[in-house]
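The analysis underlying the following values was restricted to heavy atoms, covering all of them including side chains, and did not include hydrogens, waters or symmetry mates. Computed from a prediction, not measured in an experiment: that's the story for all the values here. Each chain gets a letter, A, B and so on, in the order its sequence line appears, and its residues count up from 1.
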Amino acid sequence: MQRRTFDAEFAGFVRDHRADLVRTARLLACGDAHRAEDLVQTALVRAYVAWGRIRRYDHPVAYVRRSIVNAHIDESRRPWWRRERSVAEPPESPGAVPAADDLGDAVRAALGSLPPKMRAVVVLRHWLDLSVEQTAEWLGCTEGTVKSQNAKAVAKLRHLLTPDQGVPPPATVTTGRRSR
Amino acid sequence: MNDVKRLLAAALNEESFPMTQTVDPQEDVARGQRHLHRRRTAIASGVAAAALLVGGGATWLANTPGDEEGRTRVANTVVRDSAPAAAPVDQKVTLVAYTGEQPKGYRVERVPDGWVIQGGSESSLAIAPKGAKDKDPNSFVDKLTVLSASSDTPPEGLRDGTPVPTGDRTGYYRVAEDGVAIFTYQDASGRWVQIQVPGLLHWDAARVAEFATGVTVVNGAGDSHG
C-alpha cells in the first residue's frame, strides 16, 4: 500500500472514531480531558504503527479501544500517577441526591473513587456493552473477577450517588451521548 | 443499577465539553509518522554503533575458511517447504533458497517465497515482497528485517520471549504490540541478531527459526559482499 493511501485511510478512521474514543478515555480518566487526550493519542500512535495489520480487522476501532484501556491500566501502575493523581474523594454519606448540574461532577468523583481496573470494568461492561467474557479477555483476568469487580463497583456507585435507596438520580440527565 | 450507562453519560457532560466538532486527523497522522521515524532512527543508530564496535571481529570472521565453506553451502541449498501453487492467501509464506547476490554485510541462505532482498548495510538487511512500492532498504514497515543487535543491549532483553530451538542454539520469539514478531538469536559467529517479522508473513516461531539459521552477519564493517 502506498504511504499516501495508508495515511488517507488512517485519517478517515480517525475522523470517524476519534470523538467516540475520547468519550471512552474520559470515562476511564474520570473526566480529566488532558489525560483522556493523552490516552487517545497514545492509542492512535500505536494504531498507526500497526495500521497495515489492523485495517483488515472487522472492527479496527476495537483494537484502539483496547489500546486505550491498556494505556489506562499501564499508566495507573506508574508511581508518578499515584502521586499526582487528583483524588476527588466523594463524601461517604452525601446529604442529598446531587442536582442535575452537579451530577456529572458527582459521577466523575464516584468513578475516581474506584481503582483503575475496577473503573475499566464499569466502562467496558456498561459503556461499551462488552460481555463478561470479552471484558475478562481485554483486562487479562477471569470472568469471575469481572463479575465481582462489576458488582462491587456498581454497589459503590449506588452508595455514593443514591444514598436514599429507591431515589434514582434526576431524570433530567440526558446530556450524554453514546456512539460506538 | 440499570442506569449506570446514563450516569456515565452524565459524567461526560457534553453540554460543557462538546466533542462533536469536526475532527482534524492530520495531527494524529503526523504523530504516527514521527513515532515511526523515531523508531527507525533509534534502531538504525543502535545497530550502526554495534557494527562499528564489532567491525574488526566481523572482518576476521568474513575471511576465515569456515565462512568460505558457508558460502559454498548457500549455492547448494535446496528449496524447502514448497507450497502448492494454489495455496490460500492466509497460509504461511514458505522459504526458498536464495541464489542471488549476497547483500552487503550478511549471508542469506533462504528468503520467503516471492520476496526479494532490497538491500543490506552495516546495520540492517531489508527483505520485501517482490514489486513492493516501498523500495527504501532503510524503511522496515511490512518488511522482513535483520538487524545486528546493539552491543549495549541488555542480555535479558536479548533473551526476551519464548525459547525456540534454532539450529544448535536457542532463539527467543515474541510478538510486539503492533503485531510484528521479534526473534533474537546468536548467529553462527556468536553475534546477537534480531529479526523483525511482519504479520503478513504469518510465520510461527519455528518458521522464523528456520529462516534465522540461514542468516549470518559476515561483516559488520560493511566492506564485503559475501
K.L.:
Would D32(A) and R26(A) pass as an ion pair if we require N to O under 4.0 Å?
P.N.:
no
K.L.:
By a 4.5 Å heavy-atom criterion (distance strictly below it), what part of I54(A) contacts chain B: side chain, backbone, both, or neither?
P.N.:
neither
K.L.:
Which bit of V40(A) comes within less than 4.5 Å of chain B, counting heavy atoms only: side chain, backbone, both or neither?
P.N.:
neither
K.L.:
According to the salt bridge (Lys or Arg N to Asp or Glu O under 4.0 Å) rule, which pairs have a member within residues 142-155 of chain A, sequence neighbours left out?
P.N.:
none
K.L.:
Flag the pair F6(A) / Y48(A) as yes when their ring centroid distance falls below 6.0 Å, and as no otherwise.
P.N.:
yes
K.L.:
With R125(A), which residues qualify under salt bridge (Lys or Arg N to Asp or Glu O under 4.0 Å), at least two apart?
P.N.:
none
K.L.:
Between Q26(B) and chain A, which part of the residue has a heavy atom less than 4.5 Å away: side chain, backbone, both or neither?
P.N.:
side chain
K.L.:
Which residue out of R31(B), E27(B), H35(B) racks up the most heavy-atom pairs below 4.5 Å with chain A?
P.N.:
R31(B)
